[in-house]
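This report refers to the structure that appears directly beneath it.
These numbers come from the heavy atoms of this one structure, side chains and all, not from hydrogens, waters or symmetry mates. Computed from a predicted model, the values in this text were never measured in an experiment.
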Amino acid sequence: GAQVVRLQRARHRLQPLGSLGMPGRSLMLEEDFIETESGSHEPWILGSLAAVRKAALVALATSLATLALYALSRPALPNGDGVGYLRALRFSQLAPGHPAYVPLLRLLGEPAAEHARWLSVACGALGVLLLAARGGALAAAATALSWGYWSSAADVEVYAPATLCVIVVLVVKNPFVRALAAGAAIALHLENVLLLPFVLLEAGPIAAVGAALAGEAAYVGAAFFVLHLPARAALSWILSSRHGFAEPLWQAPAGALFGCARSIAAAPYFYEAPVSRVVAQLAVGAVIVLLVVGTAFRDPAPLGLRRRSVLALVIPYALVGLLFFPTDSERWLVLLPLFWLWAAPALERVPALAAAGLLALAAFNLAFGVIPQRDPGPAEAMRAARAVIAPGDLVIAPGHGWDEYLDFDGSLPAGSRLILLSYYAGRDGPEVALEGLRAAAGPARRVLLVRLLEDADPRGWKELSRLGITRERVRGALGGGALRRLAPDVYLVERSPARFGRQP
């Protein structure tokens, strides 16, 4: 199997010799090529050493270029998940489903947001280095410029170190290293337990068991020895990391193509932009996905991997992606390096066209991904809202917008509390979440509503509406009092002192 793959690659690289009318010489070179890859010091060795040096320099240059790219692609504010991790770090909490990530950030020290982002940048560049060294510069560059990988490497995001661990599992042949990397990937993200079938087939049962134990240790340690939870509560805590808004199953195939396309080329959701713009941007990623799959299908599995091993990796992740929020590009990020590694031979057959396509992809993601994230508007709205929050206030917001950032740097006044409703409603259900609002409002000095009336961004409210929570129900849970504007889209709920515990 592996020797056949090497022979096919040798034939591809040496095809020009055959076209010069030297089939015998070409066959001899193919045999020498295979012997050299097997460790034999035959006539190819001098050329191989020169090629290795050149490949190493190209890999290093590709990695350094992406390091600079990710460093310069800093968003104006971290993404919502990143804010959650930083909030958990500030309050000495752990992130369910990602028990190793917050302790890792704690080791980096302050300023946490800056150090966390540089961790992502370094992990992204190191992943590109490994891909370039093992799969070629084109496959590495294609991965680096794909929006799912690029955005996670430029932001505060657990997917950057987790994806680096997955890349190590893919490209490093040593069973011990594979087991260690798979265990780290599982500790960083629960979904990566799906790596175990691949590790079993490629590295053996001992490596698979070791990876499972290493990954499980993070969850056991966090649940039982840090949080001191009983068994049932520990399981509930771990599973609370799942997304609270399920997609209808009949939409899953189209949603999967949507998510795969967004992992390649930046695109908004349909509720975030006009339909024509969403379709146009999605078409870019979808065309790339379909084109690469069609052209790479005839090539063997990359890196000498067995097809059954690749299927053992792709099928579980694809099933989970279909069942749980398939439109989210993060569901498909783990498969992105494998996707481009498999496409490497197809890219190498048309290097000039591939390079031009990657430059176009870079320009596209820069224009529609990086630049919009540098918009200062959300940060300005957040600062204006935070300026009117006083000690003891209860601040209620839908979440998933600029309201997520009101406390991400720890600047809320003492005794004030922020409730991001979409998080609690998705986790606990709508009725429990609304009852929680009533209970929290009673002892609060004041109740403020953020992003209730003016902000046109539907994020947060879209998810809440699917659970039956509207703006009117939120106001009703707080007594339905009149609203007084304090700042852009920040309103004070006028309450009767007889109904609530404190004088506003």
Looking at [X], I want to see if its [atom1] is surrounded by more than 12 non-hydrogen atoms of other residues, nucleotides or ligands under 6.0 Å.
X	atom1	answer
Arg298	CZ	no
Phe176	CZ	no
Ile206	CD1	no

Decide yes or no for [X] and [Y]: does some side-chain heavy atom of the first lie under 4.5 Å from some side-chain heavy atom of the second?
X	Y	value
Trp118	Leu108	no
Leu67	Val121	yes
Leu89	Tyr85	no
Leu105	His115	no
Leu164	Leu130	yes
Asp407	Arg90	yes
Arg349	Thr295	no
Leu94	Trp237	yes

Reported [atom1]-to-[atom2] distance for the pair [X] and [Y], which is rounded to 0.5 angstrom:
X	Y	atom1	atom2	answer
Glu157	Asn79	CD	CG	4.5 Å
Leu69	Leu145	CG	CG	6.5 Å
Asn365	Ile371	CG	CD1	11.0 Å
Leu420	Leu406	CG	CG	8.0 Å
Leu412	Leu418	CG	CG	6.5 Å
Ile288	Cys260	CD1	SG	12.5 Å

Sequence neighbours left out, cut at 3.5 Å: what donor-acceptor pairs do the side chains of residues 184-199 make with other protein atoms?
residue	atom	partner	partner atom	Å
His189	ND1	Glu191	N	3.1
His189	NE2	Tyr159	OH	3.0
Glu191	OE1	Arg331	NH2	3.3
Asn192	OD1	Tyr317	OH	2.8
Asn192	ND2	Ala185	O	3.0

Sidechain-backbone polar pair: [X] side chain, [Y] backbone, donor-acceptor under 3.5 Å:
X	Y	result
Arg459	His400	yes
Arg374	Pro75	no
Trp332	Pro326	yes
Trp342	Asp299	yes
Arg277	Pro268	no
Tyr149	Gly124	yes
Ser422	Pro398	yes
Arg117	Ala154	yes
Gln281	Val278	no
Asp155	Ser73	no

Stepwise side chain to side chain contact (heavy atoms under 4.5 Å, CB included) check, Val102 with Gln93: CA-CA 8 Å; Val102 174; Gln93 299 171 345; over 6 Å; no
Nearest heavy-atom neighbours spanning [X] and [Y]:
X	Y	answer
Tyr70	Ala125	CE1-N, 4.0 Å
Leu138	Pro351	CD1-CA, 4.4 Å
Ala139	Gly135	CB-O, 3.9 Å
Gly80	Tyr405	N-OH, 3.8 Å
Ala133	Ala59	N-CB, 3.8 Å
Pro175	Ala207	O-CB, 3.8 Å

Candidate pair Arg74 and Glu114, rule salt bridge (Lys or Arg N to Asp or Glu O under 4.0 Å), full reasoning: CA-CA 10 Å; Arg74 175 178 183 163; Glu114 188 66 15; 2.7 Å; yes
Glu202 and Leu303: CA distance, side-chain angles, deciding distance, side chain to side chain contact (heavy atoms under 4.5 Å, CB included) verdict: CA-CA 12 Å; Glu202 282 294 316; Leu303 305 178; over 6 Å; no
Criterion side chain to side chain contact (heavy atoms under 4.5 Å, CB included) on Cys165 and Val169, from CA distance to verdict: CA-CA 6 Å; Cys165 293; Val169 174; 5.7 Å; no
Tyr269 and Arg262: CA distance, side-chain angles, deciding distance, side-chain hydrogen bond (donor to acceptor under 3.5 Å, both in side chains) verdict: CA-CA 9 Å; Tyr269 285 101; Arg262 293 180 71 242; 3.2 Å; yes
Result of checking Leu201, Val310, Val171 against Leu305 for side chain to side chain contact (heavy atoms under 4.5 Å, CB included): Val310
Aromatic plane relationship, Phe258 with Phe270 - under 30° parallel, 30 to 60° tilted, over 60° perpendicular: tilted
All pairs passing side chain to side chain donor-acceptor pair (under 3.5 Å) where residues 132-147 contributes a residue, at least two apart: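 Applying side chain to side chain donor-acceptor pair (under 3.5 Å) to every pair that reaches into residues 132-147, excluding sequence neighbours, yields Ser146-Trp340.
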Stepwise side chain to side chain contact (heavy atoms under 4.5 Å, CB included) check, Val450 with Trp402: CA-CA 10 Å; Val450 177; Trp402 56 260; 3.4 Å; yes
